Amino acid sequence: MQVVRGQARPEVEMVANDLAQRLEAAGVDGTLYVGYPLLASAENPVEIDALLLSEAHGLVAFIFRSTPPGHGNGVAWDELQDEQDELVFAFRSNLGRHSSLRKGRDLAVDVTAMTVFPDLPDADRPTYAGLSNVGDRVVALPPVPAGLWEALTAALQRVVTMRPSKRRASIKAENSRGAVLREMERQIANLDAWQQRAAIESPEGIQRIRGLAGSGKTVVLALKAAYLHARNPEWDIAVVFYSRSLYQQLTELIERFTFEQTNDRPDWTKLRLLHAWGGSDRAGMYFEMARAVGIAPRDYGYARSVYGRVGAFSGICREVLDALSVQSPGALFDAVLIDEAQDLPVEFFQLVHRFTRGETNRRRIFYAYDELQSLSDLQSMPSPQDLFGRGSDGSPLIQTWADQVLRVCYRNTPWALTLAHGLGLGVNRDPGGLIQHFDEPSLWSDVGYRVLEGELRLGAAVELERDPDATPDYFERLLEQQDAVSLHRFETPALQAEWIAEEIQRNTTTDELDHDDILVVLPNALNARQAAAPLIGALARRGISSHLVGDTSSRDQMFIPGSIAIAHIHRSKGNEASMVYVVNSNECESGTELLRKRNTLFTAITRSKAWVRICGWGEAMDRLVVEAARIQLSYHLRFTIPTFEELQRLRTLHRDQTPNERQQARRAEEGLRRFLDGYRAGVISLEALSPELRTLIADLQKREEHGGFGEELDEGL
Amino acid sequence: MTRDAEYELRSFLELLMVLGIAAHIRPVVRKSTSVGVRLTWPGEFVLQRGRTIDADDYFGILEHQSYSALLTDGSVLQISFDYEGSALVGHRLAMIPCPYDVDSELVMEFGLFDALQLIRTDPHTKILLRGPIRFDFDPNAASDLHPASHLTIINNESRIPITRPITLGHFIRFVFRHFFPHLHRTYDALAQWKLSEGAPIAEPMEPTELHLHWRSPSTGAPEP
């Protein structure tokens with residue numbers, strides 16, 4: 001039996017725990033929701049102390065009462081019966097909204113209301129129980145009628161269309177790609193078990209909601225916000241976002257969820273949707289907090305000139321923090337929910353913490369972030385201890401927190417995801433091996449992989465695959481593995497461009513895809529325009545418009561009607577498309593700053609919701625194809641997790657270089673090339689070199705003979 | 001003939017992309033006119049006739065992508081040619097400079113479009129006083145006051161006479177030599193774009209007033 005704890009009064013919680021134990025002891029299987037859901041009714045939302053959802057025993061709504069009738073302060077049976085009737089009625093009107101649960105004018109599945117007292121009541125009524133016999137009472141209830149279990153769970157677990165659907169009116173062929181997408185978009189997904197828990201459970205204190213990109217964190221956050229708001233209408237709640245594209249999505253979700261729970265729209269003065277920064281045109285969290293301290297809020301222009309582009313936001317947050325050190329304004333919010341937390345600086349979190357009500361360690365701050373957005377720990381989310389800063393005694397303000405992990409990835413196919421992780425980490429890179437790995441191997445399991453062999457431990461060998469439990473079934477049903485992911489190698493960039501343009505032409509005609517179903521990703525931001533030129537030309541020759549995201553339209557507006565979006569990697573983040581072409585993948589195969597390059601490849605591949613074509617040219621692409629083929633054999637990742645020391649070494653080896661280092665490396669390479677030219681031309685002889693250099697060269701030759709330069713060069717020197 | 005013109009225009013636009021001069025180019029499309037074909041950019045965005053364009057119009061052009069090329073400094077090239085059969089019967093060749101000086105760091109961070117929006121809303125932004133130039137050829141609208149080929153600058157009613165229609169090559173060389181001299185010096189392809197024969201010269205109505213005229217590339221001597 002599973003227990004999902006929403007927000008309930010402490011006395012209810014205690015009884016609920018006891019109830020859960022009793023039910024479990026009686027052999028009842030199912031999920032017990034405590035303090036959830038809220039049922040919309042004509043007046044105030046109806047609270048449910050506990051709700052049992054069990055296939056074998058149906059839907060049971062529990063009312064907790066301390067004293068049975070006839071025992072001193074006990075209430076009359078009539079009143080208790082009214083209570084039960086009201087509850088059943090509220091339930092029926094809610095369930096009745098779902099046609100799948102109706103039979104004619106009645107409900108096909110009904111709810112049982114049961115009042116539970118600590119002690120046995122005198123009368124023997126089937127819907128009244130004490131803790132000692134509630135198990136028996138429940139076991140005696142009839143099961144959910146055949147065929148209705150799915151519909152019932154869907155109705156209660158918030159039917160949510162996980163993928164926004166388009167109107168695909170012009171689909172003619174049954175099996176075109178467009179038709180497949182239409183089918184995928186129709187998939188109605190319940191919140192999965194992890195998402196439910198993450199949404200409903202809102203303990204006091206810090207809570208992290210973690211999962212891969214595309215695991216539904218925004219939906220979870222929206223539901224949580226709506227639930228907290230409906231339960232606590234007097235609370236000041238803030239929902240914080242950073243990329244403007246989230247605003248629309250969050251608004252719609254919160255409105256929908258609130259309506260389901262209260263039959264009313266949210267009170268937007270109490271439940272506030274705030275951009276992290278804010279500006280003259282829209283409300284913002286930073287703006288609110290700055291004003292509360294009496295600081296005139298800064299705009300981007302100021303922030304950039306004073307703190308530079310990268311440190312702009314953290315700089316102005318620091319200003320407010322400093323001002324706070326001599327002031328203590330009151331709390332602004334009872335609860336704060338933050339989406340895309342990985343994009344926000346540490347100073348922002350510390351500020352939010354200062355303005356949230358409650359004891360230091362019990363302030364309700366819920367933040368969601370993408371796990372493994374970057375494959376290297378260097379850029380990963382700091383732990384709450386580091387995020388929320390230290391107190392005056394030097395110890396972290398936050399020592400304990402709750403974690404909710406969302407294992408299911410709804411956005412990417414399991415094949416694209418596995419390949420992206422495999423190539424991103426360089427699992428099958430030969431020669432050279434693994435490029436990077438995160439510190440905590442258990443993360444693999446958290447993000448939805450399962451261990452086939454070996455163990456998740458530093459230094460151990462392991463074989464992993466996507467856990468079927470963490471994979472929505474519609475991928476397997478609607479797509480073919482071979483078609484979902486493919487690599488393509490060309491002789492030249494021009495041939496690459498021609499092929500892609502030809503494919504895109506087919507996508508928009510025979511395949512019945514829309515222009516905005518397609519995205520072309522360029523790995524390199526610096527030469528993006530030049531790299532895109534051949535493709536833009538090839539498309540134009542076929543009469544197809546295309547645009548570079550950010551240059552021809554706002555970078556928040558990825559897609560333009562009738563035009564193919566081409567984006568370099570920085571502009572692709574956070575966006576997705578059903579058909580993705582990754583161009584010039586060869587640039588990510590090897591060389592310096594390999595971490596960044598492989599990260600780029602990872603990000604590019606995971607933009608795809610259905611199909612991805614990884615394209616490139618030249619020898620580097622040949623190597624990439626070979627590396628990928630090893631993973632594509634069975635879509636298993638088989639490798640040895642590095643030891644702690646190896647992790648350190650890898651980090652240094654493949655890290656980002658400073659501009660000086662880059663220049664140095666380039667000059668050194670040029671120098672070496674010139675040496676080789678001179679040597680081959682007979683102008684330089686080895687004997688003329690110093691003994692030190694000669695030894696080095698002999699050493700290198702030996703290594704090469706023994707197969708693999710590897711990266712142990714610095715070891716022997 | 002129009003095929004050649006189409007290829008020439010397309011090559012020019014693609015070259016701008018490859019050299020990194022253009023942030024964006026539009027496909028060259030053929031539209032039917034009452035007498036033949038127009039080579040132009042896709043989409044319609046009609047500026048209100050008869051008034052000088054302002055910054056809002058400039059942004060409207062960007063939003064609707066109403067151009068042949070958007071250059072990395074924010075300026076815009078609009079190039080269209082009208083043909084009746086193989087005869088050139090009209091053109092519009094315009095260069096609309098960006099009203100602002102675009103910060104390349106800002107562009108890197110936000111992309112050209114958003115960078116321009118940011119600059120636009122910043123009260124401290126300097127506005128550069130440099131207006132669009134437009135070479136129009138429209139023999140149907142010709143009259144005593146309206147030369148068939150003319151240059152419009154500063155005032156939307158200005159019609160500085162030109163003795164014959166402009167070819168693409170002349171336009172390219174003119175624009176880059178005078179308005180992007182650095183690019184002109186760096187890229188031979190632009191400086192040396194092939195000049196083709198222009199149409200016969202039409203004598204300006206007032207030959208003693210200032211007007212534009214040039215020699216034919218082949219003969220070197222002005223035609224009678």
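Keep in mind it's a predicted model, so treat the numbers as computed, not measured. Residue numbering restarts at 1 for every chain, and letters A, B, ... go by the order of the sequence lines.
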Under a 4.5 Å heavy-atom cut-off, does chain A meet the side chain of [X], its backbone, both or neither?
X        : result
B:Val107 : both
B:Leu62  : backbone
B:Leu15  : neither
B:Ala115 : neither

**OP:** Answer yes or no: are there more than 12 heavy-atom neighbours, outside B:Ile154 itself, under 6.0 Å from its atom CD1?
**Re:**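 No, the 6.0 Å shell around CD1 holds no more than 12 heavy atoms from other groups.
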**OP:** Decide if atom CG of B:Leu128 counts as having more than 12 heavy atoms of other residues, nucleotides or ligands within a radius under 6.0 Å.
**Re:**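 More than 12 within 6.0 Å, yes.
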**OP:** Applying ring-ring contact (aromatic ring centres under 6.0 Å, His included), name anything that partners B:Phe113, two or more places apart in sequence or on another chain.
**Re:**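 Listed in chain order: nothing, the list is empty.
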**OP:** Tell me, please, which residues at least two apart from A:Tyr247 pass ring-ring contact (aromatic ring centres under 6.0 Å, His included).
**Re:**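 With sequence neighbours excluded, A:Tyr247 shows a ring-ring contact (aromatic ring centres under 6.0 Å, His included) to A:Phe241, given in chain and number order.
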Original post:
Measuring heavy-atom distances to chain B, does A:Leu548 have an atom under 4.5 Å in its side chain, in its backbone, in both, or in neither?
Top reply: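 For A:Leu548, heavy atoms of backbone and side chain both lie under 4.5 Å from chain B.
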**OP:** Below 4.5 Å from any heavy atom of chain B, which atoms of A:Ile544 appear? Answer side chain, backbone, both or neither.
**Re:**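 The answer is the backbone of A:Ile544.
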**OP:** Kindly write out the residues that satisfy side chain to side chain contact (heavy atoms under 4.5 Å, CB included) with B:Ala69, not counting sequence neighbours, or none if the list is empty.
**Re:**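 Checked B:Ala69 against side chain to side chain contact (heavy atoms under 4.5 Å, CB included); matches are B:Leu13, B:Leu16, B:Ile25, B:Leu71, B:Leu77.
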Table up the donor-acceptor pairs between chain A and chain B that sit under 3.5 Å, atom names plus distance.
residue	atom	partner	partner atom	Å
A:Arg304	NH1	B:Glu105	OE1	3.4
A:Arg304	NH2	B:Asp103	OD2	3.1
A:Arg309	NE	B:Glu109	OE1	3.4
A:Arg309	NH1	B:Glu109	OE1	2.7
A:Ser546	O	B:His24	NE2	3.4
A:Gly550	O	B:Leu112	N	2.9
A:Gly550	O	B:Phe113	N	2.9
A:Asp551	OD1	B:Leu112	N	3.2
A:Ser554	OG	B:Asp114	OD1	2.8
A:Ser554	OG	B:Asp114	OD2	3.1
A:Arg555	N	B:Asp114	OD2	3.0
A:Arg555	NH1	B:Asp114	OD2	2.5
A:Arg571	NH2	B:Met108	O	3.3

